[in-house]
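No hydrogens, no waters, no symmetry mates; every other heavy atom, side chains included, goes into these values. Quick caveat, the model's predicted, so the values are computed rather than measured. Throughout, a chain's letter reflects where its sequence line sits, starting with A, and its residues are numbered from 1.
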Protein chains: 2
Amino acid sequence: MELSPEKNAKVFKAFCDEKRLAILELLRSGEKCACVLLDDLDMGQSGLSYHMKILCESGIVESRQEGKWTHYKISDQGSREALLLLKAITTPNAAANDKGCCSK
Amino acid sequence: MELSPEKNAKVFKAFCDEKRLAILELLRSGEKCACVLLDDLDMGQSGLSYHMKILCESGIVESRQEGKWTHYKISDQGSREALLLLKAITTPNAAANDKGCCSK
DNA sequence: ATTTCATATTGACATTTTTTGATTTGGCGC
DNA sequence: GCGCCAAATCAAAAAATGTCAATATGAAAT
């Protein structure tokens, strides 16, 4: 798993937009073709494509080409990594330095 | 833990900006006063205040007033909830419906 | 009460992200 | 090849977000 502020921010971009959360919610029930997503969601074809690109680049979603259709699903590995990353970001690190500041 | 696409997106907004990731990284080593954050980070006072507000509203950071100083720290509960939320969002739900679509 | 200092808020502006419609690309069948 | 369809890309507009400087608020000290 790679680490860099840039990459990390990118991962979480997947989750900070309501439309993308809606897409993920649909994908929770299994792999879906873009056309299915398209008529379950209130958005146009190019809009969906835009969001799918962001989701794929974040690593949370994988795509699979099948003829002229594209199928998307939640990436097992991507999800696992995001979870680890979130844990890492929010866990106090070993040497909790409470060096004073200000008046304290 | 409350759920709504809106609230969920808000939680993850905390993590999708590099400056905020930098702030969280500093907070990992323990509670910090705004003034300390201020000179460890390359940003102005009002900028810091702006980001701290977002972090607090996401539930990931807690603030504590002490006289005229404000101390910030990573919220244990907020982090735990974010982790659960992320898990929920990315975990396939029970009834994996693979109903066909398109040609499939 | 006045001053001082830390932080919050505001408003103007720049930057980034998202939306929309039009066009392009690429696979498939004819 | 040509036409058809799904999806990607592009370009322009719209909306949201981040930045910066100025000002306001509120607590403490004098």
Donor-acceptor contacts, no H, no angles, side chain residues 51-62 of chain A, under 3.5 Å, sequence neighbours left out:
| from | atom 1 | to | atom 2 | distance (Å) |
| --- | --- | --- | --- | --- |
| A:H51 | ND1 | A:R20 | NH1 | 3.1 |
| A:S58 | OG | A:L55 | O | 2.7 |
| A:S58 | OG | A:I60 | N | 3.2 |
| A:E62 | OE2 | A:S75 | OG | 3.3 |

Inset, instruction - Not counting sequence neighbours, which residues clear ring pair (Phe, Tyr, Trp, His ring centres under 6.0 Å) with B:Y72? List them please. - result: none
Inset, instruction - Only counting residues at least two apart or in another chain, list the ones meeting salt bridge (charged side-chain N to carboxylate O under 4.0 Å, His left out) with B:E25. - result: B:R28
Legend entry - Atom-pair distance (CD on B:E18; P on D:dG18), nearest Å: 12 Å
Legend entry - 4.5 Å side-chain heavy-atom contact, A:T70 and A:Q65: yes
Legend entry - B/S/- contact track for nucleotides 13-23 of chain C, protein heavy atom under 4.0 Å: ----SBBBBB-
Legend entry - Rounded distance in Å - NZ (A:K68) to C1' (D:dA6): 7 Å
Inset, instruction - Provide, to the nearest angstrom, the distance between the CG atom belonging to A:L55 and the P atom belonging to D:dA7. - result: 15 Å
Inset, instruction - Round to the nearest Å and state the distance from B:Q65 atom CD to D:dA28 atom C1'. - result: 12 Å
Inset, instruction - Look at A:K53 and D:dT9 and indicate whether a side-chain polar atom (N or O) is within less than 4.0 Å of OP1 or OP2. - result: yes
Inset, instruction - In whole angstrom, give the distance that lies between atom CZ of A:R64 and atom P of D:dA7. - result: 12 Å
Legend entry - Euclidean distance, atom CH2 of residue B:W69 to atom P of C:dC5 [Å, nearest integer]: 11 Å
Legend entry - Between D:dA7 (C1') and A:L41 (CG): distance, integer Å: 16 Å
Inset, instruction - Would you list the pairs meeting ring pair (Phe, Tyr, Trp, His ring centres under 6.0 Å) in which at least one residue belongs to residues 7-46 of chain B, sequence neighbours left out? - result: A:F12-B:F15, A:F15-B:F12
Legend entry - Nearest to side-chain heavy atoms of A:T70, which nucleotide of D:dA7, C:dA6, C:dG27: D:dA7
Legend entry - Whole-Å gap separating P (C:dG27) and NE2 (A:H71): 15 Å
Validation: residues 41-49 of chain B side-chain donor-acceptor distances under 3.5 Å, sequence neighbours left out:
none

